[in-house]
Amino acid sequence: LGLINPEGTINKFLRKEKSLKEVMYLHESGLSLIPASPSYAEFQKTNPQKIDKIFENLKKAADVVLVDSPSGLGYEVSQILKNSDEALLVVNPTLSSVMDALKTAQLARSYNNLITGAVLNQSHGGRYELKRKEVEEILGVPILGEIRHDRKMRKSLYKQMPLNYLYPRSRSAREFRRVAEHICLQ
C-alpha cells in the first residue's frame, strides 16, 4: 500500500519506541493499517513474545481487526491465533499451500477460533491445480471466494493500491466484497 520504509511500525510499537497512534496509517482508500518493518535488523531486535501487547491495544481502537499472517505452525502464527476469535484461511490451489492451511486451521481450532472459511487465491482454473471442491474437502470449510490471477490484480500491486479501490467492478473485487460481506454478517 505504498509504505516502503515506514517510520512507525509494529516492531517499534512492540519495543515501546512508538505509540499505537504513531504506527497506525490511514490509507487514502480508507483502510487503517499497521505495517511491519521490512528490515531484517528491525525483525531481529523485536521480541515476538510481546505480540500480545498489540492485540490488547487494538481491542480498544477498532471494531474489526484483520491480521495478515503466514500459515503453518510457527511461533508468530501461534501467538496471533491465540489472540484471535476467528481465522480466514487464504490458500493457493496447490497441495502444499492447502496442507499448510490445514495445519493452521488445526492450530486455530486448538485455541477455539472459529474457522470462517477459506479464500482460494491466485487460481487459474487450469487442470494443474486443485479444484474448489477438493480444497473444501481437505480443509473441511467452505470456499467463500475465489480470487483469480488477473492483470488488474498485478496492476493494483504495482500501483500499491487496493484492488477494490482501483478496480471496484473487476471480478476479483466483487469476490473480495463477497468475502467481506460474509465476514461482516457472521
Q: Under the side chain to side chain contact (heavy atoms under 4.5 Å, CB included) rule, what do I34 and L58 come out as? Steps first, then yes or no, please.
A: CA-CA 10 Å; I34 300 173; L58 285 174; 3.9 Å; yes

Q.
Can you tell me if K50 has over 12 outside heavy atoms packed within less than 6.0 Å of its NZ?
A. no

Q) Atom CG of L88 and atom CD1 of I183: how far apart are they, to the nearest 0.5 Å? A) 4.5 Å

Q) Is it true that E7 and K12 make a salt bridge, defined as a side-chain N closer than 4.0 Å to a carboxylate O? A) yes

Q | Worked verdict on K59 versus V65 for side chain to side chain contact (heavy atoms under 4.5 Å, CB included) | A | CA-CA 8 Å; K59 285 180 182 178; V65 176; over 6 Å; no

Q.
Do R177 and N164 have side chains that approach each other closer than 4.5 Å (heavy atoms only, starting at C-beta)?
A. yes

Q) Are L95 and V141 linked, directly or through other ILVMFWY residues, by side chains that come within less than 4.5 angstrom of each other? A) yes

Q: Drop me the distance from F55's CZ to I80's CD1, to the nearest 0.5 angstrom.
A: 5.5 Å

Q.
Could you check whether any side-chain heavy atom of H27 comes within less than 4.5 Å of a side-chain heavy atom of P162, counting everything from C-beta outward?
A. yes

Q) Yes or no on side chain to side chain contact (heavy atoms under 4.5 Å, CB included) for I143 and V135, after CA distance, side-chain angles and deciding distance? A) CA-CA 8 Å; I143 300 293; V135 174; 3.6 Å; yes

(Q) How close do A108 and I115 get, counting heavy atoms only, and between which atoms? (A) CB-CD1, 3.6 Å

Q: Look only at the side chain of Q79 and the backbone of E76, and say whether a donor-acceptor pair between them is shorter than 3.5 Å.
A: no

Q. So, S123 side chain and L120 main chain: donor-acceptor pair closer than 3.5 Å or not?
A. no

Q: With rounding to the nearest 0.5 Å, note down the distance linking NZ in K45 to CG in L14.
A: 13.0 Å

Q | Electrostatic pair E42-R15, nearest N-O below 4.0 angstrom | A | yes

Q. Where do A101 and V91 come nearest, in terms of heavy atoms and distance?
A. CB-CG1, 3.2 Å

Q: Under the side chain to side chain contact (heavy atoms under 4.5 Å, CB included) rule, what do L81 and T104 come out as? Steps first, then yes or no, please.
A: CA-CA 9 Å; L81 290 171; T104 303; 4.0 Å; yes

Q) Short question: side chain of N57, backbone of L20 - any donor-acceptor pair under 3.5 Å? A) no

Q.
Is there a side-chain contact between I10 and P35 in this structure, where contact means two heavy atoms from C-beta onward sitting under 4.5 Å apart?
A. no

Q) Would you say the side chain of E22 lies within less than 4.5 Å of the side chain of F13, judging by non-hydrogen atoms? A) no

**Q.** Nearest-0.5 Å distance that lies between atom NZ in K18 and atom CE in M24
**A.** 15.5 Å

Q.
Is there a path of hydrophobic side-chain contacts, each under 4.5 Å between heavy atoms, that joins V77 and L66?
A. no

Q: Specify the closest pair of heavy atoms between D100 and S71, including all atoms of both residues, with the distance to one decimal.
A: CB-OG, 3.3 Å

Q | Ionic contact status for E175 with R148, cut-off 4.0 Å | A | no

Q: Answer yes or no: is there a side-chain heavy-atom contact under 4.5 Å between I147 and M153?
A: yes

Q.
Around atom OH of Y40, are there more than 12 heavy atoms from other residues, nucleotides or ligands closer than 6.0 Å?
A. no

Q: Could you check if a side-chain atom of E129 sits within less than 4.5 angstrom of a side-chain atom of E134, using non-hydrogen atoms only?
A: no

Q.
Are V23 and T9 packed together at the side-chain level, in the sense that at least one heavy-atom pair is separated by less than 4.5 angstrom?
A. no

Q | Other residues, nucleotides, ligands: >12 heavy atoms within 6.0 Å of N47 CG | A | yes

Q | Under 3.5 Å side-chain donor-acceptor pair for D150 and S170 | A | no

(Q) I'd like to know whether OH of Y111 has more than 12 heavy-atom contacts from other residues, nucleotides or ligands below 6.0 angstrom. (A) yes

Q. Could you give the distance from NZ (K82) to CG (L107), rounded to the nearest 0.5 Å?
A. 11.0 Å

Q | Greater than 12 external heavy atoms within 6.0 Å of K155's NZ | A | no

Q) Should L73 and I138 be counted in the same cluster of Ile, Leu, Val, Met, Phe, Trp and Tyr side chains packed under 4.5 Å apart? A) no

(Q) We want to know whether N92 and S97 form a side-chain donor-acceptor pair, criterion being a heavy-atom distance below 3.5 angstrom. (A) no

Q) Yes or no on side-chain hydrogen bond (donor to acceptor under 3.5 Å, both in side chains) for S37 and N11, after CA distance, side-chain angles and deciding distance? A) CA-CA 6 Å; S37 173; N11 309 74; 4.7 Å; no

Q) If you group Ile, Leu, Val, Met, Phe, Trp and Tyr by side-chain heavy-atom gaps below 4.5 Å, do V119 and M99 land in one group? A) no

Q: Identify the heavy atoms of L144 and T116 that sit nearest to each other, and give their distance.
A: CD1-O, 3.8 Å

Q) Heavy-atom distance under 4.5 Å between the side chains of L89 and L139, does that happen here? A) yes

Q | Atom pair CZ (R151) and NE2 (H149), whose distance is rounded to the nearest 0.5 Å | A | 10.5 Å

Q.
Treating S84 as the side-chain partner and E86 as the backbone partner, does any N or O pair qualify as donor plus acceptor under 3.5 Å?
A. no

Q) Between the main-chain N or O of P168 and the side-chain N or O of R174, is there a donor-acceptor pair closer than 3.5 Å? A) no

Q) Y25 side chain to G8 main-chain N or O, any donor-acceptor pair under 3.5 Å? A) yes

Q) What do you reckon, is NZ of K53 surrounded by more than 12 foreign heavy atoms closer than 6.0 Å? A) no

**Q.** Nearest non-hydrogen partners of S32 and L26, listed with the distance
**A.** OG-CD1, 3.6 Å

